[in-house]
J.: 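I'd like to ask you about the structure that follows.
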Amino acid sequence: MVERINEILEKAKTAVGEVSSRANFEGVKAKFLGQNGALRELMKSMTTVAAEDKPAVGQAINVCKVEIEGMLTAKLLEIEIREAEALLGKKVDPTLSNHGSCGIFCHPLTKIRTQITEILSKLGFTVADGTEIETEWFCFDALNTPQSHPSRNESDTFYFPDDTIIENVSKNSSERYVLRAHTSTVQIRTMLKNRPPIRVLSPGTVFRRDAIDATHFPSFHQCEGLAVEDGMSVCDLKSTLNFLFTELIGEGCETRMRPSFFPFVSPGFEVDFKSKNLGKLSNKWIEIGGCGMVAPSVFRNCGYEDNASGFAFGVGIERLAMLFYGVDDIRLFFQNDARFLKQFKVSMI
Ligand code: PHE
């Protein structure tokens with residue numbers, strides 16, 4: 001068995017070494033790691049291995065798999081560099097930062113984020129910063145989200161190990177650090193730091209333990225909005241969202257709010273919009289985020305009076321970019337593939 005494993009490894013070395021194109025690459029990858037590939041065959045023949053040898057043989061197969069994966073990853077990088085060089089007509093050094101290319105293209109997520117902040121700056125919103133590493137209090141408790149809420153499960157949120165210490169982010173001994181699961185944490189940070197009137201936006205990265213597929217990625221982006229002022233009502237919220245989406249998508253865009261539940265707003269709503277010019281999604285209601293009036297308990301947690309009033313909303317930046325640009329796979333935003341990015345010519349910077 002060990003001989004067979006070594007033989008496969010040797011064959012893989014030769015085959016990967018000879019790969020010269022992407023099509024070729026996929027073929028070789030399938031041959032060794034695919035459904036009917038050599039490693040699968042090896043795994044199947046584990047049934048014939050004596051019980052006492054199984055752990056060692058299993059481990060040897062695993063080592064072989066990791067080695068082949070490593071060779072394939074290195075080869076893919078080589079192919080990608082070659083493709084990028086052909087596309088750009090010059091040498092590419094993948095170890096250099098890509099800041100220089102901002103002068104030509106702008107990442108679609110950056111485009112959407114900039115548009116949102118520019119549009120709402122016309123209504124007096126400024127950008128507030130948050131932190132990606134948060135304590136449970138900022139991410140959940142202060143936002144009225146009880147221990148029993150499903151979003152607090154280990155299967156949904158990324159928790160740091162209990163004994164982690166992060167300088168400059170103080171926490172209670174009973175809580176843990178998390179990677180923030182939404183930008184709503186910035187509502188709390190802003191309200192603790194400032195007093196009304198408040199109008200802030202906070203675009204940023206959020207993290208959830210989602211399995212990767214065409215519409216899910218474990219880190220993605222949201223933009224939070226928060227306004228706190230005397231006498232604010234649902235009308236202010238609705239007209240702000242109307243303004244945002246009409247400016248973003250164009251005249252004839254409609255916004256709808258459906259009653260929903262988020263622990264930190266009351267009442268809470270799901271936000272949908274509908275537009276005439278969105279390709280095959282034209283004239284269909286599309287869900288784009290959550291919103292509502294800031295809940296009294298959230299105001300209390302920030303030391304505000306009970307009669308404080310304000311609204312908050314959160315929209316998904318990838319989701320907007322996918323709709324606008326007809327992108328059907330979220331992974332494209334994070335692959336840094338020049339062929340994808342080249343389509344987003346700069347109209348800013
Ligand atoms: N934080 C919510 C989410 O991630 C969205 C939201 C923001 C809802 C603000 C209401 C108010 O789903």
Side-chain angles (χ1 to χ4, degrees), residues 109 112-113 116-117 120 125 127-128 130-132 134-146 149-153 155-158 178-191 198-210 215-229 232-242 244-245 255-273 286-299 301-302 304 308-320 322 330:
L109 299 179
I112 298 285
R113 187 193 66 205
I116 296 176
T117 52
L120 288 179
F125 283 81
V127 172
T131 55
E132 289 169 4
E134 279 291 5
T135 64
E136 286 182 82
W137 190 79
F138 278 102
C139 199
F140 301 118
D141 300 287
L143 287 159
N144 200 25
T145 307
H149 196 275
S151 64
R152 293 186 75 147
N153 284 349
S155 57
D156 281 39
T157 293
F158 290 103
V178 295
L179 286 176
R180 67 173 175 188
H182 52 178
T183 44
S184 298
T185 51
V186 187
Q187 291 183 32
I188 306 298
R189 294 207 166 266
T190 306
M191 288 198 277
I198 291 174
R199 286 187 192 188
V200 292
L201 290 171
S202 194
T205 315
V206 299
F207 307 85
R208 293 186 192 170
R209 291 186 87 127
D210 287 333
T215 52
H216 296 87
F217 207 75
S219 76
F220 57 101
H221 301 83
Q222 293 185 328
C223 184
E224 193 81 8
L226 171 74
V228 186
E229 259 166 72
M232 289 226 120
S233 72
V234 173
C235 289
D236 298 301
L237 168 59
K238 172 100 202 249
S239 53
T240 305
L241 291 170
N242 266 341
L244 171 63
F245 289 115
T255 316
R256 171 173 88 172
M257 285 157 51
R258 278 178 295 117
S260 184
F261 176 76
F262 299 95
F264 38 93
V265 283
S266 172
F269 308 91
E270 219 94 48
V271 188
D272 303 338
F273 72 76
I286 302 166
E287 190 184 316
I288 198 64
C291 67
M293 303 307 291
V294 177
S297 54
V298 174
F299 279 133
N301 291 336
C302 298
Y304 281 42
S309 73
F311 65 75
F313 61 86
V315 292
I317 296 185
E318 276 78 1
R319 192 151 162 69
L320 278 168
M322 287 173 87
I330 194 169

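Counting starts at 1 for both ligands and their atoms, in listed order.
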J.: Can you confirm whether or not the ring centre of F264 sits under 6.0 Å from the ring centre of H182?
T.: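 Yes, ring centres under 6.0 Å apart.
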J.: Where's the contact between F313 and ligand 1, heavy-atom distance under 4.0 Å: side chain, backbone, both or neither?
T.: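 The answer is the backbone of F313.
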J.: Against heavy atoms of A312, which atoms of ligand 1 measure under 4.0 Å?
T.: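 By the 4.0 Å cutoff, the relevant atoms are 9 (C), 11 (C).
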J.: Less than 4.0 angstrom from a charged side-chain N to a carboxylate O is my criterion; do E287 and R258 meet it?
T.: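 Result for this pair is yes, salt bridge flagged.
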J.: Under 4.0 Å from a heavy atom of H182: give me the atoms of ligand 1 that qualify, with their elements.
T.: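 Reading through ligand 1 atom by atom, the close ones are 1 (N), 4 (O).
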J.: Is there a heavy atom in F264 that sits closer than 4.0 Å to ligand 1?
T.: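 In this structure, F264 qualifies as a contact of ligand 1 - some heavy atom is under 4.0 Å.
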J.: So, does N301 use its side chain to make a donor-acceptor pair with the main chain of S297 at under 3.5 Å?
T.: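 At least one qualifying donor-acceptor pair exists.
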J.: Give the contacting part of R208 toward ligand 1: side chain, backbone, both or neither, where contact means a heavy-atom distance below 4.0 Å.
T.: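 For R208, only side-chain atoms sit under 4.0 Å from ligand 1.
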J.: Nearest 0.5 Å, please: how far is CE in M257 from CZ in F273?
T.: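 Here the rounded value is 15.5 Å.
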J.: Do T157 and F207 have side chains that approach each other closer than 4.5 Å (heavy atoms only, starting at C-beta)?
T.: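 Heavy-atom side-chain distance check fails, nothing below 4.5 Å.
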J.: Counting C-beta onward and ignoring hydrogens, is there a side-chain heavy-atom pair between E224 and L201 closer than 4.5 Å?
T.: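 Result no, sub-4.5 Å side-chain heavy-atom pair not found.
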J.: Identify the protein heavy atom lying closest to atom 12 (O) of ligand 1, giving its residue, its atom name and the separation to 0.1 Å.
T.: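 Minimum-distance protein heavy atom for atom 12 (O) of ligand 1 reads F262 CE2, 3.9 Å.
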J.: Give me the nearest non-hydrogen protein atom to atom 8 (C) of ligand 1 as residue plus atom name, then the distance to 0.1 Å.
T.: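 Sorting protein heavy atoms by distance from atom 8 (C) of ligand 1 puts G290 C, 3.4 Å first.
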J.: Are any of the side-chain nitrogens in R209 or D156 under 4.0 Å away from the carboxylate oxygens of its partner?
T.: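 Not counted as a salt bridge, because no side-chain N and carboxylate O are separated by less than 4.0 Å.
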J.: Would you kindly specify which portion of S184 sits under 4.0 Å from ligand 1, judged on non-hydrogen atoms: side chain, backbone, both or neither?
T.: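 It is the side chain that touches ligand 1; the backbone stays farther off.
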J.: Measuring from atom 9 (C) of ligand 1, which candidate in E270, E224, M293 has the nearest non-hydrogen atom?
T.: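 Among E270, E224, M293, the closest heavy atom to atom 9 (C) of ligand 1 belongs to E224.
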J.: Numbering the atoms of ligand 1 from 1, which are under 4.0 Å from a heavy atom of Q222?
T.: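 So the atoms of ligand 1 that pass are 3 (C), 4 (O).
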